[in-house]
Participant: 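Please see the structure below; I have some questions.
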Amino acid sequence: DAKTTQPNSMESNEEEPVHLPCNHSTISGTDYIHWYRQLPSQGPEYVIHGLTSNVNNRMASLAIAEDRKSSTLILHRATLRDAAVYYCILRDDAGGTSYGKLTFGQGTILTVHP
Amino acid sequence: DVKVTQSSRYLVKRTGEKVFLECVQDMDHENMFWYRQDPGLGLRLIYFSYDVKMKEKGDIPEGYSVSREKKERFSLILESASTNQTSMYLCASSLNVGEQYFGPGTRLTVT
């Protein structure tokens, strides 16, 4: 699986936008970019995913670089409930070999200040 | 709402005991997964299953086995628990390559 690189930690203030970066320079053409987050004392939860185009949903936006070597998860207005570990994961969804497996890295610990 | 439930939130077992961790999902998902999570090591895949009676090793299968006799249920078995298997165990399920839904986790302590 292609590897991702994320900052160990980031901080934000409540109600401000947060941009969480992810580098994936060895991404292949069939790799989708997935983001999950893990709130304290809970299992991870899905946030968003995309292939080439930017994506929006009720939780966040995903901006994907034109060369696909990096992406950014955008939380438009951070709340205290968004404090979590955010994982950027590549998965070969189009290649038919992943069986939906996810390989988690260390992720980014997001701290949100009131 | 998709629901993934795990049999226990907390479990304490003795070294050498056989341990069963149960996971049940209610959304008819084909794929089910077992992970363990340890400080500094993150989440690591132990085993997964893509159909009833089918199982595949993940990244750290040693010391574990699994069973999937029914589509909704995926069991993780520690044949002879050891202290280095003290960890948080997380079960997940997914439909094909869709999003994974995780259970609340079981914190297992082996003494």
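Residue numbers begin at 1 in each chain, while the letters A, B, ... track the order of the sequences.
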Participant: Parallel, tilted or perpendicular, judged at 30° and 60°: which one describes the rings of A/Y46 and A/Y36?
Facilitator: perpendicular

Participant: Does any backbone or side-chain atom of A/Y32 lie under 4.5 Å from a heavy atom of chain B? Answer side chain, backbone, both or neither.
Facilitator: neither

Participant: Taking CG in B/L11 as the centre, count heavy atoms belonging to other residues, nucleotides or ligands within less than 6.0 Å. Is the count above 12?
Facilitator: yes

Participant: Check the orientation of B/F102 and B/Y35. Use parallel for under 30°, tilted for 30 to 60°, and perpendicular for over 60°.
Facilitator: tilted

Participant: Compare all side-chain heavy atoms of B/E22 with those of B/Q6 and state whether any distance is below 4.5 angstrom.
Facilitator: no

Participant: Quick one: what part of B/N31 sits under 4.5 Å from any heavy atom of chain A, side chain, backbone, both or neither?
Facilitator: side chain

Participant: Identify which part of B/L41 has an atom lying under 4.5 Å from any heavy atom of chain A, answering side chain, backbone, both or neither.
Facilitator: backbone

Participant: Do A/L110 and A/L75 have side chains that get closer than 4.5 Å, going by heavy atoms?
Facilitator: yes

Participant: For B/L43, is it the side chain, the backbone, both or neither that has a heavy atom under 4.5 Å from a heavy atom of chain A?
Facilitator: both

Participant: Would you mind checking which part of B/E30 comes under 4.5 Å of any heavy atom in chain A, side chain (CB onward), backbone (N, CA, C, O), both or neither?
Facilitator: neither

Participant: Looking at A/Q42, A/Q106, A/H49, which one has more heavy-atom pairs under 4.5 Å with chain B than the rest?
Facilitator: A/Q106

